[in-house]
Trainee: 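After the structure tokens below, expect a handful of questions from me.
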Amino acid sequence: MQNAGPMRIDRGIRPARAEDAGGMAAVELACFSTPLTEGALRRYMQTGYLKAFVTVLDGTVVGYAGLQQAADEGYIANIAVLPAWRRKGWGEALLRYLIDYAREEKLSFLTLEVRRSNLPAQALYRKLGFEVVGVRQHYYARPREDAILMTLFL
């Protein structure tokens with residue numbers, strides 16, 4: 001991937017492999033109220049339903065990003081970083097990687113849902129050019145919450 005400017009930090013991001021599914025599931029469990037299982041992640045990657053990218057530190061998956069592609073559209077399924085590694089640039093590096101990937105793939109946009117209460121994530125998305133395009137009411141369960149729909153037009 002090409003550097004996206006002087007703030008880009010190499011976090012060793014690479015496409016996920018089948019053996020990363022366990023580490024990705026651990027990140028899911030630490031980050032989400034309805035986490036994907038190792039088996040589900042493995043199936044999604046094997047079938048091509050999910051393109052996943054991981055950042056690994058000392059053999060541990062610290063974070064990952066998942067992307068679904070449909071024609072020239074990109075849907076960010078998840079960006080997750082273990083709690084101990086948040087606010088240290090890992091999430092931003094993953095998001096920049098996805099943006100670079102989307103540009104290389106000539107996608108017309110990237111879009112995602114984020115919890116209304118997740119203000120740090122919303123700030124990151126805005127910083128990298130995403131804009132609010134809508135709200136999905138009661139999108140999330142456990143706890144029930146609206147999703148803010150944000151899109152980066154490429």
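By convention here, the first residue in the shown sequence is residue 1.
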Trainee: If you round to the nearest 0.5 Å, how far is CG of L67 from CG of L112?
Mentor: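 These two atoms lie 10.5 Å from each other.
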Trainee: Report the relative orientation of the aromatic rings in F109 and Y75; use parallel for angles under 30°, tilted for 30 to 60°, perpendicular for over 60°.
Mentor: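 Geometry flag for Y75 against F109: perpendicular rings.
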Trainee: Mind checking the CZ-CG spacing from F53 to D20? Nearest 0.5 Å is all I need.
Mentor: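 It comes to 12.0 Å.
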Trainee: When you group the ILVMFWY residues by side-chain heavy-atom contacts below 4.5 Å and let the links chain together, are Y139 and V114 in the same group?
Mentor: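 As far as the 4.5 Å side-chain criterion goes, Y139 and V114 are not connected within one cluster.
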Trainee: Carefully, step by step, assess Y64 and L41 under the rule side-chain contact (heavy atoms from CB on, under 4.5 Å).
Mentor: CA-CA 11 Å; Y64 91 95; L41 287 162; 3.8 Å; yes
Trainee: Taking all heavy atoms of L98 and all of A65, pick out the closest pair and write down the distance.
Mentor: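 Scanning both residues, the minimum pair turns out to be CD1-CB, 3.7 Å.
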Trainee: Any sub-3.5 Å donor-acceptor pair from S33's side-chain atoms to R142's backbone N or O?
Mentor: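 Between the backbone of R142 and the side chain of S33 there is a qualifying donor-acceptor contact (under 3.5 Å).
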Trainee: When you look at CD of E19, are more than 12 heavy atoms from neighbouring residues, nucleotides or ligands closer to it than 6.0 Å?
Mentor: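 Yes, enclosed.
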Trainee: Run the side-chain contact (heavy atoms from CB on, under 4.5 Å) check on L107 and E73 step by step: do they pass?
Mentor: CA-CA 5 Å; L107 300 183; E73 302 172 355; over 6 Å; no
Trainee: To the nearest 0.5 Å, how far apart are OG1 in T37 and CZ in R43?
Mentor: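 Going from the OG1 atom of T37 to the CZ atom of R43 covers 5.5 Å.
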Trainee: How long is the straight-line distance from OH of Y97 back to CD1 of I13, given to the nearest 0.5 Å?
Mentor: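 Those atoms lie 7.0 Å apart.
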Trainee: Which distance, rounded to the nearest 0.5 Å, do you find between the CD of E131 and the CE of M150?
Mentor: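 Nearest 0.5 Å value for the CD-CE distance: 8.5 Å.
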Trainee: Looking at every heavy atom in both Q122 and R116, which two are closest together, and how far apart are they?
Mentor: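 Nearest pair, atom of Q122 first, then R116: NE2-O, 2.9 Å.
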Trainee: On a heavy-atom basis, which atom in R86 and which in C31 lie closest, and how many Å separate them?
Mentor: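 Closest pair (atom of R86, atom of C31, distance): NH2-SG, 3.1 Å.
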Trainee: For the atom pair CD (E92) and CG (L128), what is the distance rounded to the nearest 0.5 Å?
Mentor: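 That separation rounds to 5.0 Å.
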Trainee: Take Y125 and L110 through the test side-chain contact (heavy atoms from CB on, under 4.5 Å) and record every step on the way to the result.
Mentor: CA-CA 11 Å; Y125 302 141; L110 286 173; over 6 Å; no
Trainee: Which atoms form the tightest heavy-atom contact between R115 and E145, and what is the distance?
Mentor: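 The answer is NH1-OE1, 2.9 Å.
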Trainee: Looking at every non-hydrogen atom in both residues, tell me the closest pair between E113 and A147 and how far apart they are.
Mentor: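 Between these two residues, the closest heavy atoms are CB-CB, 3.8 Å.
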Trainee: Given side chains that start at C-beta, do those of L95 and I76 come closer than 4.5 Å, heavy atoms only?
Mentor: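 When only atoms from C-beta onward are counted, I76 and L95 do touch, with a gap below 4.5 Å.
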Trainee: Same hydrophobic cluster for I79 and V133, using side-chain heavy-atom links shorter than 4.5 Å among ILVMFWY?
Mentor: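 No, no single cluster joins them.
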Trainee: Considering only heavy atoms from C-beta outward, does the side chain of I99 approach that of F130 to under 4.5 Å?
Mentor: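 Answer yes - side chains close enough.
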Trainee: For atom OH of Y49, is the number of surrounding heavy atoms from other residues, nucleotides or ligands below 6.0 Å larger than 12?
Mentor: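 Counting neighbours around OH of Y49, 12 or fewer heavy atoms of other residues, nucleotides or ligands fall under 6.0 Å, so no.
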Trainee: With no hydrogens and no angle check, is any side-chain donor or acceptor of R136 less than 3.5 Å from a backbone partner on L149?
Mentor: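 Side chain of R136 to backbone of L149: no pair is present.
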Trainee: Should L57 and V61 be counted in the same cluster of Ile, Leu, Val, Met, Phe, Trp and Tyr side chains packed under 4.5 Å apart?
Mentor: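 L57 clusters together with V61.
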Trainee: Are V27 and N78 close enough, and set up right, to give a side-chain contact (heavy atoms from CB on, under 4.5 Å), and what steps lead you there?
Mentor: CA-CA 11 Å; V27 172; N78 282 332; over 6 Å; no
Trainee: Check for me, please, whether L154 and V132 land in the same ILVMFWY cluster - side-chain distances under 4.5 Å, paths through other members count.
Mentor: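 The answer is yes; both residues are in one hydrophobic cluster.
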Trainee: State, to 0.1 Å, how close L94 and A80 come at their nearest heavy-atom pair, and which atoms those are.
Mentor: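 Residues L94 and A80, closest heavy atoms: CD1-O, 4.2 Å.
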